[in-house]
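Okay, so here's the structure we're looking at.
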Amino acid sequence: MNQLSSGVIADIIEGGHPDNPLVQILSMKRIPSGSQERWRLLVSDSQWSCSFAMLATQLNNKVSSGEITNNCIVRLDRYVCNMIQDNKKVLIILDLTVTKSGEEVGGKIGEPVLYDANKSRAEQQQPVSKPPPPQNQTYANKPINNNNMAGSGGTLHQNGPGQRNFPATGASQARTPSGGNVHPIASLTPYQNRWTICARVTNKSNIRTWSNSRGEGKLFSVDLLDESGEIRATAFNEQCDKFYDMMEVNKVFFITSATLKTANKQYSNLNNDYEMSFNRTTEVTSCRESTAIPTMQFSFVSFDQLETLDKDSIVDVIGVCKEAMDMSSVTQRSTGKELKKRDLQLLDSTNREVRLTLWGSQAETFDGSTQPIVAVKGAKVSDFNGCSLSTLSSSCFQMNPDIREAHMLKGWFDNGGNTADTINLSGQKGGMGGGGPGNFKMFAEAQMEKLGTTKPDYYWVTAGILLIKKENCLYPACPQKECNKKVVDMNNGLYRCEKCNREYDSFKWRLMIQTCIADYTDSQWVTLFQDTGEALIGKSAEELASLRDTNPDSFQSVFDAPALQFYDFKLRCNTEMYNDRQSWKNTVVAANPTNPKEQNRRLITEIKQMAGQS
DNA sequence: CCCCCCCC
């Protein structure tokens, strides 16, 4: 008995859409195109084989998990067969069920012939001694031939007129407003010039402006999704104005003609090798009957998995907002810009809590009073305080989304989850009053890990103070509250601040203490600014300044107390370019006298870990 | 043609 839907491949290529056909996967080939994994399959119905089948990327895990292997039999639950360009066709498998494993089947069923779409069914290659294959649904003959992936161009040509559209399930059955063919997003390449997709907007940025050496302008971008895949689209300037208002999140649109280019994976975590820019020929129209276009898909990572991920990983998470901190402001170091932020404490059913930071208007408007379920697609993992999360501008943030995982989590939380003991992944306070073990390192470790080379890193170190530079530890600073820039004495009773671009009749003293500190592996020059500096010497900057003028001896002895003492330093380390040379900067953001008991406890824990006793 | 994604 034939276990396959013999002859069905010819039907599909010629425009038919049989339900749930059974085919065999003879071989798989990873397509060498960028970083995005894509699988091209050689499938067979035992009579015909087809080498231009592609697996939708959301099914890639079935390959990596070993569920799909050579020789397995699959049922095509959803698929589309589309013209992609110049009469070339692609069969995209959107959903499938493995009905028999490759191991169980053991080998190729029948002797399938590679179906050549340049020819009619009657003209297909035939076994010499047998009559032509049937023109209808009787799947009797088994033409003989050998074939493999390498032997075919991977594309077929159109059979003839009247076959431009190949109906499929769902949205792919839809016609464009002008009656044309709807293309799957997964089939788009830069080498086609006119196509229409039907896609849902799953995320939309604000309008952003830029200005650089190449010019200036404005833009916004959207994430587009259909059942075959996803892609990012960006609209610049003219197109930005034209499409910004109409392209609302969650709505579905026909989009015709845009420029495709290779996506820069550095800036996008969408599952596509390409991204599109809208251009003058781009048309966007609303699609009302759009139930077949999927809504945004999350791929949630549970909190107990977060710590296993590399920092800067991008993840989808869902959690109960157990607590929302007040909104606060921080100053962006690179630009001095004021940023609004709000930290949330999220909890999931693995009894882990993790901190999520929201930014900007999201931070301002967030209301956590009802302990909502929070879902984020594309949050960034950081190793701050152990492990924490932050949204990016590309993140999609949803409150109480109407999805299964949200309802399950809510049920869990309301039925005891809210009182369970939890582990706080973001709870490492680095030895600061309570909290778990901190992110302590030796200097040699920090160097080995190249901390601070690409972006600022924070870590704790227990180190002794070898030397404090007393010269230039005080500087006259701008008297403005938020400005601490050094002022220039104009020698006329006025002090000029370059940052504020004005002169003042007074200044304030600020501390900037350079000190050399050492642990058992190395020494480092580090800088303490105002607050940490004042805490270290036990004097305010103003006190120190007047001491320097009135009592040089006691000024000197201020620095004797901390010298040769051990402190737990929290360091912010990074590199900056000075005259084309990379130089290290270590800023002390906290300095606490080392508590030997706590230090020993930490060391014992480490020793036990190294000995495998924990 | 953007591409910053921050702070402790």
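Bear in mind the structure is a predicted one, so any value in this text is a computation, not a measurement. Order of the sequence lines sets the chain letters (A, B, ...), proteins ahead of strands, with each chain counted from 1.
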Just how far, in rounded Å, is [atom2] of [N] from [atom1] of [X]?
X: A:R572; N: B:dC6; atom1: CZ; atom2: P; result: 12 Å
X: A:F278; N: B:dC2; atom1: CZ; atom2: C1'; result: 15 Å
X: A:W460; N: B:dC8; atom1: CH2; atom2: P; result: 14 Å
X: A:L358; N: B:dC8; atom1: CG; atom2: C1'; result: 16 Å
X: A:I207; N: B:dC2; atom1: CD1; atom2: P; result: 17 Å
X: A:Q239; N: B:dC1; atom1: CD; atom2: P; result: 14 Å
X: A:Y459; N: B:dC8; atom1: OH; atom2: C1'; result: 17 Å
X: A:K341; N: B:dC4; atom1: NZ; atom2: P; result: 22 Å

Inset, instruction - State whether the number of non-hydrogen atoms from other residues, nucleotides or ligands found under 6.0 Å of A:K251 atom NZ is greater than 12. - result: no
Legend entry - Heavy atoms of other groups near A:N472 CG, more than 12 under 6.0 Å: no
From the set [options], return the single nucleotide nearest to any side-chain atom of [X].
X: A:L339; options: B:dC6, B:dC3, B:dC1; value: B:dC6
X: A:W359; options: B:dC8, B:dC3, B:dC7; value: B:dC7
X: A:R214; options: B:dC5, B:dC2, B:dC7; value: B:dC2
X: A:K380; options: B:dC6, B:dC7, B:dC2; value: B:dC6
X: A:E275; options: B:dC5, B:dC8, B:dC3; value: B:dC3

Inset, instruction - Verify side-chain hydrogen bond (donor to acceptor under 3.5 Å, both in side chains) between A:Q447 and A:D522, making sure each step is shown before the conclusion. - result: CA-CA 10 Å; A:Q447 284 154 28; A:D522 207 350; 3.0 Å; yes
Legend entry - Residues A:S221, A:T234; criterion side-chain hydrogen bond (donor to acceptor under 3.5 Å, both in side chains); working and verdict: CA-CA 4 Å; A:S221 62; A:T234 307; 4.8 Å; no
Please state whether the base of [N] and the side chain of [X] form at least one donor-acceptor pair under 3.5 Å?
X: A:R355; N: B:dC8; answer: yes
X: A:E338; N: B:dC7; answer: no
X: A:S334; N: B:dC6; answer: no

Inset, instruction - Please find out if less than 6.0 Å separates the ring center of A:F236 from that of A:W210. - result: yes
Inset, instruction - Determine, for A:D457 against A:K441, whether the closest basic-nitrogen to carboxylate-oxygen distance falls under 4.0 angstrom. - result: no
Legend entry - Check ion pair A:K570-A:D568 (N to O, under 4.0 angstrom): no
Inset, instruction - Could you check whether A:F236 and the base of B:dC1 form a stacked pair, meaning centres closer than 5.5 Å and planes differing by less than 30°? - result: yes
Is the distance from OP1 or OP2 of [N] to the nearest side-chain N or O of [X] less than 4.0 Å?
X: A:R342; N: B:dC7; answer: no
X: A:K337; N: B:dC4; answer: no
X: A:R333; N: B:dC8; answer: yes

Inset, instruction - Just call it for A:K340: base, sugar-phosphate, or nothing, with non-hydrogen atoms closer than 4.0 Å on any strand. - result: nothing
Inset, instruction - Check every strand shown and say whether A:N237 touches a base, only sugar-phosphate, or nothing at a heavy-atom separation below 4.0 Å. - result: base
Inset, instruction - Name the residue closer to the 5' end of DNA chain B, choosing between A:Q266 and A:Y458 according to the nucleotide with the nearest heavy atom. - result: A:Q266
Inset, instruction - Taking only heavy atoms on the protein side, list every residue of residues 323-332 of chain A lying under 4.0 Å from any atom of DNA chain B, sorted numerically. - result: A:V330, A:T331, A:Q332
Inset, instruction - Compute whether any side-chain donor of one residue and acceptor of the other, for A:S302 and A:D348, lie under 3.5 angstrom apart. - result: no
